[in-house]
There are 2 protein chains.
Amino acid sequence: MKTKKKTTIKDIASVLNISAAAVSKALHDDARISEKTKKAVKQVAKNLNYQPNHLASALRSGKSKLVGVIVPRTNSNFFSSVIENIEEVLNKKGYNIIITQSNESFKKECDNIDTLLYTQVDGIIASMANETIDLEHYEKVKSKGIPLILFDRGENDLNVDYIGIDDYNSSQIIVKHLVDEGCKRIAHIGGFKHTRIFNNRIRGYVDALKKYNLPLDDELLLESSLTKEDGRKKMQQLLNLKNRPDAVYVAGDYAALGALQVLNENNINMPNEIALVGFGNEPFTEMVTPSITSVHQHSADIGKLAAETFLRYTKEKTINQSLKKQILKAELIIRTSSNKKILKTNV
Amino acid sequence: MKTKKKTTIKDIASVLNISAAAVSKALHDDARISEKTKKAVKQVAKNLNYQPNHLASALRSGKSKLVGVIVPRTNSNFFSSVIENIEEVLNKKGYNIIITQSNESFKKECDNIDTLLYTQVDGIIASMANETIDLEHYEKVKSKGIPLILFDRGENDLNVDYIGIDDYNSSQIIVKHLVDEGCKRIAHIGGFKHTRIFNNRIRGYVDALKKYNLPLDDELLLESSLTKEDGRKKMQQLLNLKNRPDAVYVAGDYAALGALQVLNENNINMPNEIALVGFGNEPFTEMVTPSITSVHQHSADIGKLAAETFLRYTKEKTINQSLKKQILKAELIIRTSSNKKILKTNV
DNA sequence: TATATTTGCTTTAACGTTTAAGCAAATATA
DNA sequence: TATATTTGCTTAAACGTTAAAGCAAATATA
């Protein structure tokens, strides 16, 4: 019953009594095909409901028009917004994306890359898993001549393009804000030092303390996996100190949420007793009580830039990447958890 | 410098002095190839770092080993968890997924389907956008003989497989719970009636009210887009009533969050003055104050079942779908927003 | 021992497209 | 008018794989 057979360029060719090659060229607006033929071909294509066979053209041209995207998880607002914008930019140029999640696992990330290479993607846009230290799987991508774009969680040593925010400077802004609020003992629950962005946040924190002549106390600088659970643990650790901090800057919102829960459970007043700042501006930061001051990372711009960076390589014959960083300004969103000033005018 | 040329089965064939076809069969463990040859082929394949060209085999076999997934948005916990589980099941069988987002837009959903068909996916697993009423684009998928699996937001008229929870029964359970808590005027902020799942929730709510001899008041039944903003608006509307409800059941967690904010802003005690129940068990429901009672939808199971349902069709020659519903039991997670009983023993 | 079956491969063609090369007709140039 | 160039197509091959058909050698069956 159903017309199962799909229309191909051959069908169009035989209707018009021209060659399949001519049809292919007409559909691609080749200069050597007359306007008359182009029009006729496109009309027939429409009538027969022709859908190009992507696989065939990909095989022949060596380009799959597919881009792989690797993120730790899609269910954070940051990553889902980055993805949405990558997709928007790439779709316009005829590319589709394949999204994969590493779940912060090194092994899964390696598998994802194998999968993407197997699928013959034309490029990979990735943000690295927490666990990742060994970079061999990414080197494999590079050695195959496939453009690799990193964002958020990157690594200088790979010598590829990177799009992210200025983590060092973000820390400085956070510390300045807390100092302005009158805080004198500022703790930092940071991410793993081996991850560049978290290392930069730590450096920014340390340097800012020096700048404002605040004590740099080892007890106040903790390394964390930045999950909600670990945020709870590290906050508890800070509360157990003889000399408690009066402000805590957490390098991730989920961990900040854990910290907030512990503070609430201990009836500690935020921001007056302890001020709290997170990182990432996840939607829940404004939902919880008190709402959490956090850093907005311009995820939409990061996504767009990553996609555009990839597209630039599609125009080149040989891929020759080098470390090219595109650093965006982050934005501190001040909320109740760190805003002590009772009297404020709406500026 | 680099060995850019990829190894193909021909390379393996020439090393072993056998035909390419034999190599192909050996790699697929064809019964007509000797164990000795298979071993040799696999060893050479490994040595030469052979990666099968997915496009070529897809073109030849007519199977792309790609499955399209369409969701309204990836950034809800429900959908990201469903996706994660679809991926897990399908990857094991050599399938990859292409995730697309409709952003609740009918137009975007149509575009997504075109994109997926163009990419020659072997199947589509989808949850429909809010806006979608016309089903022609889904009919197109069916008429191409591509298996279509719907989950969460489905539609009987399409006569395809569907995986979801028992929305009607969930409403009944919610109303029973609120009645048990002593509520007498229960309002419902529901989704759009034209979406089957929301219609079922509404029916369940109405029938439960009848069952418990509670007033079925038109003022208390509102239709909403279920965004946070609309949740705020509809809650305000309920507060403006002369005769306010003492419980509000919201058909989506984001809208429930909006409602919660309005209630907090108006210093209305939850659950004593007004009890609140959401739907979806998004992570923030337990983060906010008070935590929101909600319905857990077993997203992991839904994802797995959807993937397995698709896989069943891959074994069949001709696709002949019919309405086959797989309905899971949902689970009510009772939290502070609706839990009036001060004295409770841990059962 | 003669014939049937099975084993283990080879040959060939095809999937639908693109691209290089080629060629006749139309047009431009001198 | 003779030659060069451009236009508008065609032909043929290729991308890497797989599936059908075929065939000789090895093994089983009678």
Side-chain angles (χ1 to χ4, degrees), chain A residues 4-42 44-45 48-66 94 117-122 144-145 317, chain B residues 4-42 44-45 48-66 94 117-122 144-145 317:
Chain A
K4 269 290 174 57
K5 269 266 139 286
K6 287 179 187 156
T7 25
T8 71
I9 52 172
K10 283 184 187 170
D11 300 325
I12 300 174
S14 74
V15 167
L16 294 169
N17 250 313
I18 56 176
S19 71
V23 172
S24 171
K25 285 176 182 167
L27 290 172
H28 288 88
D29 277 324
D30 189 294
R32 299 284 286 272
I33 300 291
S34 69
E35 281 308 318
K36 196 180 130 206
T37 307
K38 282 182 191 170
K39 233 178 194 161
V41 165
K42 285 172 186 174
V44 174
L48 298 183
N49 190 26
Y50 168 72
Q51 295 257 98
N53 185 321
H54 168 257
L55 296 171
S57 75
L59 174 61
R60 178 60 234 246
S61 65
K63 298 284 154 205
S64 68
K65 287 281 186 175
L66 248 35
L117 292 179
Y118 171 82
T119 319
Q120 318 274 128
V121 294
D122 291 345
K144 295 222 175 206
K317 275 206 199 74
Chain B
K4 270 289 173 55
K5 269 267 140 283
K6 285 177 186 159
T7 21
T8 71
I9 52 173
K10 282 184 189 172
D11 299 325
I12 301 175
S14 73
V15 166
L16 294 170
N17 251 317
I18 56 176
S19 72
V23 173
S24 172
K25 285 176 181 165
L27 290 171
H28 287 87
D29 278 322
D30 189 293
R32 297 286 286 274
I33 300 291
S34 70
E35 281 308 319
K36 194 179 130 207
T37 307
K38 281 183 192 170
K39 231 176 195 165
V41 165
K42 284 172 186 173
V44 174
L48 298 183
N49 191 26
Y50 168 72
Q51 294 260 98
N53 185 322
H54 169 257
L55 296 170
S57 79
L59 175 60
R60 179 61 235 249
S61 66
K63 299 284 155 206
S64 68
K65 288 283 188 173
L66 248 34
L117 292 178
Y118 171 83
T119 318
Q120 317 274 128
V121 293
D122 291 346
K144 295 222 174 205
K317 275 203 199 76

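So that the names make sense, note that chain A is the first sequence line, chain B the second, and so on, each numbered from 1.
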Go through it in stages, so that I can follow the logic: the residues are A/Gln51 and B/Leu117, the test is side chain to side chain contact (heavy atoms under 4.5 Å, CB included), and I'd like the CA-CA distance, side-chain angles, deciding distance and then a yes or no. CA-CA 8 Å; A/Gln51 295 257 98; B/Leu117 292 178; 3.9 Å; yes
Before you tell me yes or no, could you show the steps for B/Asn53 and A/Leu59 under side chain to side chain contact (heavy atoms under 4.5 Å, CB included), namely the whole-Å CA-CA distance, both residues' side-chain angles and the distance that decides it to 0.1 Å? CA-CA 9 Å; B/Asn53 185 322; A/Leu59 174 61; 4.1 Å; yes
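Note that the CG atom of B/Leu27 and the CG atom of B/Asp29 stand 8.5 Å from one another [nearest 0.5 Å]. The distance from atom NZ of A/Lys42 to atom OG1 of A/Thr37, rounded to the nearest 0.5 Å, is 11.5 Å. Distance check, rounded to the nearest 0.5 Å: CG of B/Leu55 to CD of A/Gln120 gives 5.0 Å.
A/Ser24 comes within 4.0 angstrom of a nucleotide base, judged by non-hydrogen atoms across all strands. Note on A/Ser34: only backbone sugar-phosphate atoms sit closer than 4.0 angstrom, heavy atoms only; bases stay farther off. Across all strands shown, B/Thr8 has heavy atoms under 4.0 Å from sugar-phosphate atoms exclusively, and none from any base. B/Leu55 comes within contact range of no nucleotide atom at all, as no heavy-atom separation falls under 4.0 Å.
Listed nucleotides: D/dC9, C/dA13, D/dC15. Nearest to the side chain of B/Arg60: C/dA13. Closest to the side chain of A/Ala21, out of D/dA21, C/dT17, D/dT11, is D/dT11. Minimum atom distance to the side chain of B/Ser61 is reached by D/dA19, of the listed D/dC15, D/dA19, D/dT10. Closest to the side chain of B/Ser57, from the set D/dT17, C/dC9, C/dT19, is D/dT17. Of the candidate nucleotides C/dG16, C/dT11, D/dT18, C/dG16 has the atom lying nearest to any side-chain atom of A/Ala56. Comparing D/dT7, C/dT19, C/dT17 against the side chain of A/Arg32 picks out D/dT7 as the nearest. With C/dC15, C/dT10, C/dT18 as the candidates, the nucleotide lying closest to the side chain of A/His28 is C/dT18.
Between the side chain of A/Lys25 and the base of C/dT17, no donor-acceptor pair of N or O atoms lies under 3.5 Å.
B/Lys38 contributes a side-chain N or O that, together with a main-chain N or O of B/Asp30, makes up a donor-acceptor pair within less than 3.5 Å. The closest donor-acceptor contact from the side chain of B/Thr119 to the backbone of B/Val121 lies at 3.5 Å or more, if one exists at all.
Remark: C1' of D/dT18 and CD1 of B/Ile33 are 13 Å apart, rounded to the nearest angstrom. The CD atom of B/Gln120 sits 11 Å away from the C1' atom of C/dT17 (whole-angstrom rounding). If you measure from atom NZ of A/Lys6 to atom C1' of C/dA14, you get 16 Å, rounded to the nearest angstrom. One interatomic measurement links the two molecules: NZ of A/Lys39 to P of D/dC9, which rounds to 15 Å at whole-angstrom precision. One can place NZ of B/Lys63 at 12 Å from P of D/dA19, the figure rounded to the nearest angstrom. Atom CG in A/Asn17 sits about 16 Å away from atom C1' in D/dT11, given to the nearest Å. Atom CG of A/Asn53 and atom P of C/dT18 are 10 Å apart (whole Å). Summarising the geometry, the separation between CG on B/Leu59 and C1' on C/dT17 is reported as 8 Å, rounded to the nearest angstrom.
In plain terms, the two heavy atoms of B/Tyr50 and B/Ile12 that are nearest each other are CG-CD1, 3.8 Å.
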Pairing string, 5' to 3', for DNA chain C - Watson-Crick or wobble contacts under 3.5 Å, brackets [ ] where pairs cross, | to another strand: ||||||||||||||||||||||||||||||
